[in-house]
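In listed order, ligands and their atoms are each counted from 1.
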Amino acid sequence: MSDIIIIGGGPAGLMAAEAASQRGASVCVYEAKPTMARKFLMAGKSGLNITHSEPLDRFLSRYGDDAVRLAPFLRAFPPEAITAWMAGLGIGVKTGSSGMVFPQQWKASPLLRAWLRRLDAAGVQFFPNHFWQGFEGEALVFKHGGENILVKADRAIFACGGGSWPRLGSDGGWRKGFEAAGIKLLPFQPSNGALLVDWSAHFVERFHGAPLKGVRFRVGDVSSRGEAVVTKSGLEGSGIYQMSEALRQKMAAGEQPILEIDLLPDSQMARLEKRLEQAGKKESFSNLLRKAFGLRGAKASLVREAGQARGDLPKGLKRLPLTVAGFADMERAISSVGGVPWEALDDNLMVNARPNVYCVGEMVDWDAPTGGYLLSACLAMGLVAGRAAAK
Ligand SMILES: Cc1cc2nc3c(=O)[nH]c(=O)nc-3n(C[C@H](O)[C@H](O)[C@H](O)COP(=O)(O)OP(=O)(O)OC[C@H]3O[C@@H](n4cnc5c(N)ncnc54)[C@H](O)[C@@H]3O)c2cc1C
C-alpha cells in the first residue's frame, strides 16, 4: 500500500506527485493511457504556453470569478516559481512580446522527459493502462488488461482532466464513479473553443481558412485584440477563445450571443467618418470598403455577411455584429468547464464528502482564457493538493 495514489498523469497529477514525494510520501501514479500527459504534449505542438509574465494581480484577474478560489494556489506557485521549476529541470524559457511564456525548445516533450526522469529518480512509480472506474469501500477500482484490480492508499489525488480532446485520455470516464459515490458534478461544456456561425455558402466557399488579423473582438464589456481563422462552421483562434466566458454567460442568461468585431481597431471613428465623406458617392460598396477603409478579401466580405449596408458605415466597421450560433463540440476545444464544483472541495482541494480524496486540475469547475493560465492553475492546484495530502 502506498501513501498516496495519483489518478491521471497529466500536468496537474504529475505536479501533485512531485510535491507529495518531495514531502517524503511514497507515491504511485495510475494513468488510463499507455503513456503520461498526452494532452500536455499536444498543447506543446503549437508552442507550450506554460504561463504568463504579467504582474500577479493582473494575472489573477484573468481567472474572473474563479480567482477567489484559485488565488491561494496561484500565489503558492506563481509564474516566476513555474519558470524557476522549469530551470531546475534544465529547461530555459522565452517570453513573447505579449508576455506569454514558453519553454526555450517551444514544445513540451523535452520538459516532460526531464520531469518524468526526475520523478522516477525520486521513487514515484507509474502504472500506465490503468483506468479508474470507481470506489469500492476504501479501495479504488482500476480496469487493467481486461481485469478489475483493487488498490488501496491512505490518500488519493484525482487529476483526470476535463472533457475536451477526449482521445488524449481526459474523456470524463471518471464521472460515473464520482456520481456513484454521491459527489455531485456539473456538466462539461467546451471552453476556449471554436464558435459556430451560420455563414452563407458563398462566404464559406471563398473564405474558409482565411485569417482575420489585427482585429478586436468584443462581447459586452469584454474585448480582446487578436486573430481568428474562418472555418466552415464559424471562427476559431486565440482572439475568439478569449471571448468564451463572456459568450457563455450571455447564452446562460438566455440572451442572443453577439460577437462584435472591430475591423479597424487603430482608426478612430471621426477619422473613418471623414474618409467616408471624402469617398465618391458613386463608388460601389466593395470599392468604397477597399478605397476608403482598406478592407478587402475576407474582411470586406464579412461586412456584407454581417448584413451591414452603406448606411451602417463607419459604425458597422468598428462594431460589426456577428450572431453566434453556439460553441463547436468538445472534440476540438482547448479546455472545458464543469466537473467537480468548488463547493465540493475544501481549501486544500480535498473532497468535503470524502476525506483523503483530492481533486486537481481541469476536472474542477473553473475557467481561464488561453495565454498560459490553464496550465499555470493546473500546476498550482497539483502542488498545493500534493503537499496537503503528504502532510
Ligand atoms: C490543443 C491544445 C492546446 C493547448 N495549449 C495550451 C497552452 O498552450 N497553454 C495552456 O495553459 N493550456 C493549454 N491547453 C490546455 C491544457 O493542456 C490543459 O488545461 C491541461 O493539460 C489540463 O491538465 P490536467 O492535468 O488537469 O488534465 P489532462 O492534461 O487532461 O490530464 C488528465 C490525465 O488523466 C488521465 N485520465 C483521465 N481519466 C482517467 C481515469 N478514469 N483513470 C486513469 N487516468 C485517467 C488522462 O488520460 C490524462 O492523462 C491546451 C489544450 C489543448 C487540447
- Message: Only heavy atoms of Cys378, strictly under 4.0 Å: list the atoms of ligand 1 that pass.
- Response: 22 (C), 23 (O), 26 (O)
- Task: Using a strict 4.0 Å cut-off to heavy atoms of His130, name the atoms of ligand 1 that fall inside it.
- Result: 42 (N), 43 (C)
- Query: Under 4.0 Å from any heavy atom of Gly47, which atoms of ligand 1 are there?
  - Reply: 8 (O)
- Query: Which atoms form the tightest heavy-atom contact between Pro369 and Asn192, and what is the distance?
  - Reply: CA-OD1, 3.5 Å
- Please could you name the atoms of ligand 1 that Lys33 approaches to less than 4.0 Å, counting only its heavy atoms? 47 (O)
- atom 31 (O) of ligand 1 - nearest protein heavy atom and its distance: Gly10 CA, 3.5 Å
- Message: Donor-acceptor pair, distance only, cut-off 3.5 Å: does the side chain of Asn356 make one with the backbone of Arg155?
- Response: no
- Take Leu289 and Leu317 through the side chain to side chain contact (heavy atoms under 4.5 Å, CB included) test and state the conclusion after the steps. CA-CA 10 Å; Leu289 290 174; Leu317 305 179; 4.1 Å; yes
- Quick one: which ligand 1 atoms are inside 4.0 Å of a heavy atom on Met42? 1 (C)
- Closest protein heavy atom (residue, atom, distance) for atom 45 (C) of ligand 1: Ala32 CB, 3.7 Å
- For atom 35 (C) of ligand 1, which candidate among Glu31, Met363, Arg167, Met15 provides the closest heavy atom? Glu31
- Message: Using the ring centroid of each side chain, check whether Trp132 and Phe158 are separated by less than 6.0 Å.
- Response: yes
- Query: In terms of side-chain geometry, is the basic nitrogen of Glu277 or Lys274 positioned less than 4.0 Å from the acidic oxygen of its partner?
  - Reply: no
- Query: Would you say the side chain of Val384 lies within less than 4.5 Å of the side chain of Asn348, judging by non-hydrogen atoms?
  - Reply: yes
- By number and element, which atoms of ligand 1 are closer than 4.0 Å to a non-hydrogen atom of Ser170? 30 (O), 46 (C)
- Item | Distance-minimising heavy-atom pair for Gly338 and Phe188 | O-CE2, 3.6 Å
- Task: Note the single closest protein heavy atom to atom 32 (C) of ligand 1, along with its residue, its atom name and the distance in Å.
- Result: Ala159 O, 3.3 Å
- Are Glu227 and Ser238 close enough that a side-chain donor and a side-chain acceptor fall under 3.5 Å? no
- Item | Note: Arg118-Glu18 ion pair, threshold 4.0 Å (strictly below) | yes
- Message: Looking only at protein heavy atoms, which one is nearest to atom 28 (P) of ligand 1, and what is the separation?
- Response: Gly161 CA, 4.1 Å
- Task: Can you figure out which of Ile7, Ile6, Leu140, Ile334 has its heavy atom closest to atom 14 (N) of ligand 1?
- Result: Ile334
- Decide yes or no for Leu322 and Ile258: does some side-chain heavy atom of the first lie under 4.5 Å from some side-chain heavy atom of the second? no
- Identify, for atom 42 (N) of ligand 1, the protein heavy atom at the shortest distance, and state residue, atom and that distance. Trp132 N, 2.8 Å
- Parallel, tilted or perpendicular: ring planes of Tyr63 versus Phe59, cut at 30 and 60 degrees: perpendicular
- Message: Heavy-atom distances under 4.0 Å decide this one: backbone, side chain, both or neither, for Arg38 against ligand 1?
- Response: neither
- Message: For atom 39 (C) of ligand 1, tell me which residue out of Gly372, Pro34, Cys160 has the closest non-hydrogen atom.
- Response: Cys160
- How close does the nearest protein non-hydrogen atom get to atom 4 (C) of ligand 1, and which residue and atom is it? Ala43 CB, 3.3 Å
- Query: Can you tell me which residue and heavy atom of the protein come closest to atom 21 (O) of ligand 1, and the distance to 0.1 Å?
  - Reply: Pro11 CG, 3.7 Å
- Is the closest basic N to carboxylate O distance between Asp365 and Arg69 below 4.0 Å? no
- Numbering as shown, the atoms of ligand 1 that approach Trp165 to under 4.0 Å (heavy-atom distance): 53 (C)
- Query: Under 3.5 Å, N or O to N or O, is Ser376 touching ligand 1 that way?
  - Reply: no
- Query: What atoms of ligand 1 come within less than 4.0 Å of a heavy atom belonging to Gly361?
  - Reply: 26 (O)
- Message: Quick test of your reading of the model: are Glu236 and Arg332 salt-bridged, counting only N-O distances below 4.0 Å?
- Response: no
- Note on the structure: atom 25 (O) of ligand 1 sits nearest the protein heavy atom Ala12 N, 3.0 Å
- What part of Phe131, side chain, backbone, both or neither, has a heavy atom within less than 4.0 angstrom of ligand 1? both
